[in-house]
Amino acid sequence: MAGISSNPNSPRQKMINLMYLVFIAMMALNVSSEVLDGFELVENSLSVSTENSTRRNKQVKANLDKAYEANAAKAGEWYNKGVDVKKQSDELFDYISELKLRIVQEADGKEGNVNDIKQKDNLEAASRVMLAPVVGEGKKLKERLGTYRENMSELVDDAEQKTMFQSLLNTDAPKKAGIMQSSWEIALFENMPLAAAITLLTKMQSDVRHVEGEVLSTLITNVDVDDYRVNQITAFVIPKSQIVTSGMPYEAELALAAIDSTKQPQYYLGETLLAGNRIVIPTSGVGDRSLSGRIVAEGQTYAYEAKYFVTESSATIAPTRMNFLYTSIDNDIEVAMPGVPSGSVRATVSSGKIEHKERNIWTITGLDADVSPNVTVTLWANVGGREISESKEFVVRRLPPPLPFLSYKDADGNVRKFTGGPIAKRYLVEAGGVLAAIDDGVLNVPHTVTGFTMTIVDGMGNYIPEVSNSGEFTQRQKDYIRNLARGKRFHIGQVKALDPAGKPVSVTYSMEIIVN
């Protein structure tokens, strides 16, 4: 009987085989359509983020190219490194794209399309491509990610950037359901649903573009490429003041906007060649004065002229916290005319609205960069029966996009802003929700968060979005955070916010949070 039972063609063995097939089918059915649709949502979000990063990186690379064209000796080293960074990033990105297509075609056939997957719940396609003996691509992908990570880390000096690269491109074997996997590639691709495997690879592509952008930005900072971000070169007269006290000299400096510090122009006052770019003209009496000349650089001549008024007073017009005026917020400027009481100074603007706030502080509102990219502020005062004025032009800028962050108090009671990376769970619970603000050391402009999406990873490695329609964590999001184990991570993205004027703004940045 034992021999009969073990016969592969016996009725008993056929029944066992049939039961095994039914069991496998039931396991496959456990991957619900809702979960697979969730992967598609995450995939789409990652694809949009990757496209944004790609466009930003192209712009940064274009600026690096312009720097090289303008001054090869100065920018050559950084330009060559940027070309290599772009080459390595594109090769790795394209390699991952090929893997995605191979996996989809393994499941859906030669006509398979990464953007229109049919067998989302297929559990074998990723394993065949990535884990097949000898020809499996998993180990190759791991090695290429590790090589790219180390090469990019060598191009930056900032320790936090290096740590971020290690985290984003980590290829250590992760723990899965509390069990250490034998390898990174097995943990990611063994029995992984097709939709999940493609989403994991898309995230790797997104991380590659993010790292590429960080390195290119570092390179362009090294070359000081800001000197080249102009579309014309203009000669400027920069006076200490346009109103000079009688008996004191008129002093000014001549300059070309965006001139490279490694190139020395020739400065002329009238037909006189100056020793440097400094003008000193003795004054006497009271009245209007003018000057003119030219600056010669790189074989090009740029004419300049300026007017000033000799009087008993001088004026100051300056923003209190920035070098530009911005839309959507109140812009405070400080004005003063020595010898003239602050209450006797009047101010006008060429666009928007200006109101007196207190003492010598005035507030400008209602600016629109699309209508008037520049605004002129003019001060007026009556000195000795004579109406005098002085003007200054400012560039009007739109507010830069805000950054999302969490706010909490550390052990010493100090308020901290958290923008991503490792964080203690208790600080996550205390944060209560997501905030957004522009805070670059110059501007500090809070925004109102109206919604965000938390993308979580369940015990099966599935990505599941949880949406909040406000700036606060929902109860489901809070429960998830409280149940997170050390080393677990999730993402916060698709943040929606309103600027101080109540206009919707797009928050393009997202946060990856790791429980420490």
Side-chain angles (χ1 to χ4, degrees), residues 46 48-97 143-171 203-233 256-263 298 323-324 397 400-401 403 419-421 438-443 508-512:
L46 288 171
V48 171
S49 176
T50 303
E51 290 173 2
N52 291 336
S53 296
T54 301
R55 285 195 294 270
R56 183 178 67 248
N57 295 348
K58 286 182 178 179
Q59 183 60 53
V60 176
K61 179 59 170 57
N63 290 337
L64 192 58
D65 295 343
K66 291 179 182 178
Y68 180 72
E69 293 172 2
N71 192 335
K74 178 179 178 182
E77 176 186 357
W78 313 112
Y79 169 79
N80 291 333
K81 290 180 178 179
V83 171
D84 186 53
V85 167
K86 184 72 167 58
K87 179 175 180 293
Q88 291 189 54
S89 301
D90 287 347
E91 289 177 349
L92 181 54
F93 187 94
D94 293 342
Y95 171 63
I96 298 174
S97 293
E143 291 174 359
R144 294 189 65 164
L145 284 171
T147 300
Y148 179 77
R149 178 184 66 232
E150 298 308 317
N151 290 345
M152 296 302 105
S153 295
E154 290 177 359
L155 295 175
V156 299
D157 296 324
D158 187 86
E160 292 187 2
Q161 280 185 308
K162 292 178 183 288
T163 300
M164 180 184 67
F165 294 173
Q166 294 292 329
S167 175
L168 288 176
L169 304 175
N170 182 29
T171 54
K203 181 186 181 301
M204 293 178 196
Q205 290 181 303
S206 178
D207 293 339
V208 167
R209 288 304 185 210
H210 184 74
V211 170
E212 175 192 3
E214 287 287 326
V215 177
L216 288 176
S217 296
T218 298
L219 295 178
I220 209 167
T221 299
N222 291 339
V223 79
D224 196 17
V225 76
D226 286 341
D227 291 346
Y228 300 89
R229 291 180 181 174
V230 293
N231 54 20
Q232 67 179 37
I233 299 179
L256 283 177
I259 189 67
D260 192 325
S261 61
T262 63
K263 303 171 184 176
E298 295 294 306
N323 294 323
F324 301 91
R397 286 186 171 181
L403 293 175
T419 58
I438 303 168
D439 188 2
D440 57 2
V442 177
L443 293 171
T508 58
Y509 299 92
S510 61
M511 293 187 290
E512 182 182 54

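Values reported hereafter were calculated over all heavy atoms of this structure, with side chains retained and with hydrogens, waters and symmetry mates removed.
In this structure, Trp78 and Leu64 approach most closely via the heavy-atom pair O-CD2, 3.7 Å. Taking both residues in full, the closest heavy atoms of Gln205 and Phe93 are given as NE2-O, 3.1 Å, listed atom of the first, atom of the second, then distance. Closest non-hydrogen pair, Ser89 versus Val208, comes out as O-CG1, 3.9 Å.
The structure places NZ of Lys66 at 16.0 Å from CG of Asn71, a figure rounded to the nearest 0.5 Å. In this structure, Leu145 CG and Asp207 CG are separated by 9.0 Å, a value rounded to the nearest 0.5 Å. Note that OG1 of Thr50 is 12.5 Å distant from CE of Met204, once rounded to the nearest 0.5 Å. The line from CG of Leu169 to OG1 of Thr147 is 11.5 Å long, rounded to the nearest 0.5 Å.
Lys86 has its side chain out of reach of Glu91: every pair of non-hydrogen atoms, C-beta onward, lies at least 4.5 Å apart. Two residues are said to be in side-chain contact when any heavy atoms from C-beta on lie closer than 4.5 Å; Lys61 and Val83 meet this criterion. Glu214 places a side-chain heavy atom less than 4.5 Å from the side chain of Phe165. Inter-residue side-chain proximity for Leu403 and Ile438 is flagged as unmet; no heavy-atom pair is nearer than 4.5 Å. At least one side-chain heavy atom of Thr218 sits under 4.5 Å from a side-chain heavy atom of Asn222. Contact of the Leu168 side chain with the Glu512 side chain is registered, since non-hydrogen atoms from C-beta on lie closer than 4.5 Å. When side chains are defined from C-beta on, His210 counts as touching Met164, because their heavy atoms get closer than 4.5 Å. Residues Tyr509 and Thr419 form no side-chain contact, since every pair of their non-hydrogen atoms from C-beta on lies 4.5 Å or further apart.
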**Item:** Step-by-step salt bridge (Lys or Arg N to Asp or Glu O under 4.0 Å) determination, Lys162 to Asp158
**Value:** CA-CA 6 Å; Lys162 292 178 183 288; Asp158 187 86; over 6 Å; no
**Candidate pair Asn170 and Gln166, rule side chain to side chain donor-acceptor pair (under 3.5 Å), full reasoning** = CA-CA 5 Å; Asn170 182 29; Gln166 294 292 329; over 6 Å; no
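Every residue was checked against the salt bridge (charged side-chain N to carboxylate O under 4.0 Å, His left out) condition with Glu51, not counting sequence neighbours, and none meets it. For Tyr68, the ring pair (Phe, Tyr, Trp, His ring centres under 6.0 Å) partners are Tyr79, not counting sequence neighbours. When the salt bridge (charged side-chain N to carboxylate O under 4.0 Å, His left out) test is applied to Arg149, no partner is found at least two apart in sequence or on another chain.
Between Ser53 and the choices Glu212, Lys58, Arg209, the side chain to side chain contact (heavy atoms under 4.5 Å, CB included) rule is met once, by Arg209.
Of the possible polar contacts, none joining the Ser167 side chain to the Thr163 backbone as a donor-acceptor pair under 3.5 Å is found.
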